[in-house]
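Atoms within each ligand, like the ligands themselves, are counted from 1 in listed order.
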Amino acid sequence: MTRALLLGFSPHGKAAQTFKLARALLRDLVPHATVTERDYGGQALPPLTREYANALTTAGGLSGKATALSEQLIVELEACDLLILCTPVHNFTVPAALKAWIDHVVRIQRSFTVNAQLAKVGLLEDRRTFVLVSSGNARKGHEPDFLTPYMTAILATVGIESVDFVYLPAMVRGEEAVNRALEQAHRQLSLTISSGL
Ligand SMILES: Cc1cc2nc3c(=O)[nH]c(=O)nc-3n(C[C@H](O)[C@H](O)[C@H](O)COP(=O)(O)O)c2cc1C
């Protein structure tokens with residue numbers, strides 16, 4: 001059975017179009033999946049503590065209370081075989097809510113390590129991942145996109161390489177544009193998901 005983890009990073013929380021679309025697709029296309037939902041846009045993760053920063057940058061300081069939340073988030077990630085990240089573009093890149101999740105999950109000697117050539121190597125298993133990206137901008141290529149290369153690189157850092165991006169553009173341009181974006185994204189995701197996860 002598919003175990004899906006649906007994470008939202010919009011300030012609109014579970015009312016965000018990407019989150020609602022992901023929910024509907026899971027319900028229609030993977031009806032037997034067990035779904036865990038988290039809304040980190042509406043209910044932000046706490047800022048990093050000094051103890052956590054020290055734990056990540058001090059030899060031997062990698063366990064215990066300082067890393068408890070990070071551990072919880074990584075265990076939840078490890079437990080899924082379908083990961084869906086729903087995120088808006090904020091100022092050309094990921095919103096702070098998503099960056100906070102990344103800073104808790106990308107942890108040295110837990111979700112990645114560093115090899116003899118000083119390259120970062122992922123320690124998590126790869127899993128099917130969709131990143132649903134909502135933006136105000138109407139056209140891809142019209143402004144810098146730091147979100148796509150960043151998310152590709154950071155997910156690969158922990159070992160997640162099977163990533164599809166689904167874009168919902170022009171979401172501030174009225175109902176017609178929103179409906180068009182939703183239909184297009186729905187079609188793209190339906191085709192990918194129903195041809196096998
Ligand atoms: C702080 C902030 C910054 C934004 N920056 C961008 C941007 O750089 N490019 C863009 O296309 N849209 C930008 N937008 C518009 C959002 O990406 C757009 O409204 C999106 O559909 C919001 O999705 P959501 O409802 O899932 O939060 C920004 C919105 C906010 C609130």
Identify the protein heavy atom lying closest to atom 9 (N) of ligand 1, giving its residue, its atom name and the separation to 0.1 Å. Glu143 OE2, 2.7 Å
Hey, is Arg110 close enough to Glu71 for a salt bridge, meaning N to O under 4.0 Å? yes
Please list the nearest protein heavy atom to atom 18 (C) of ligand 1 with its residue and the distance rounded to 0.1 Å. Gly136 N, 3.6 Å
Met171-ligand 1 polar pair, N/O distance under 3.5 Å: no
Salt bridge present between Glu183 and Arg187 (N-O < 4.0 angstrom): no
Among protein heavy atoms, which lies nearest atom 8 (O) of ligand 1, and at what distance? Phe92 N, 2.8 Å
Strictly below 4.0 Å, N to O, side chains only: are Lys65 and Glu51 in salt-bridge contact? no
May I ask you to identify, for His90, whether its side chain, its backbone, both or neither come under 4.0 Å of ligand 1 on a heavy-atom basis? both
Of all the non-hydrogen atoms in the protein, which one sits nearest to atom 25 (O) of ligand 1, and at what distance? His12 CD2, 3.1 Å
Could you find the nearest protein heavy atom to atom 16 (C) of ligand 1 and give me its residue, atom name and distance? Val89 O, 3.7 Å
For the ring pair Phe19 and His12, is the centre-to-centre distance below 6.0 Å? no
What do you reckon, does Thr87 have a nitrogen or oxygen under 3.5 Å from a nitrogen or oxygen of ligand 1? no
Please work out whether any backbone atom (N, CA, C, O) or any side-chain heavy atom from C-beta onward of Val172 is under 4.0 Å from ligand 1, and answer side chain, backbone, both or neither. side chain
Consider ligand 1: state whether an atom of it lies below 4.0 angstrom from any non-hydrogen atom of Gln17. no
Pull out every atom of ligand 1 sitting under 4.0 Å from any heavy atom of Ala16, numbered as shown with elements. 26 (O)
Side-chain touch Thr87/Val131, heavy atoms, less than 4.5 angstrom: yes
Closer than 4.0 angstrom, basic N to acidic O: yes or no for Asp81 and Arg3? yes
Candidate with minimal heavy-atom separation from atom 21 (O) of ligand 1, of Ser134, Ala96, Ser10: Ser134
re atom 5 (N) of ligand 1, the protein heavy-atom contact at minimum distance is Asn91 N, 2.8 Å
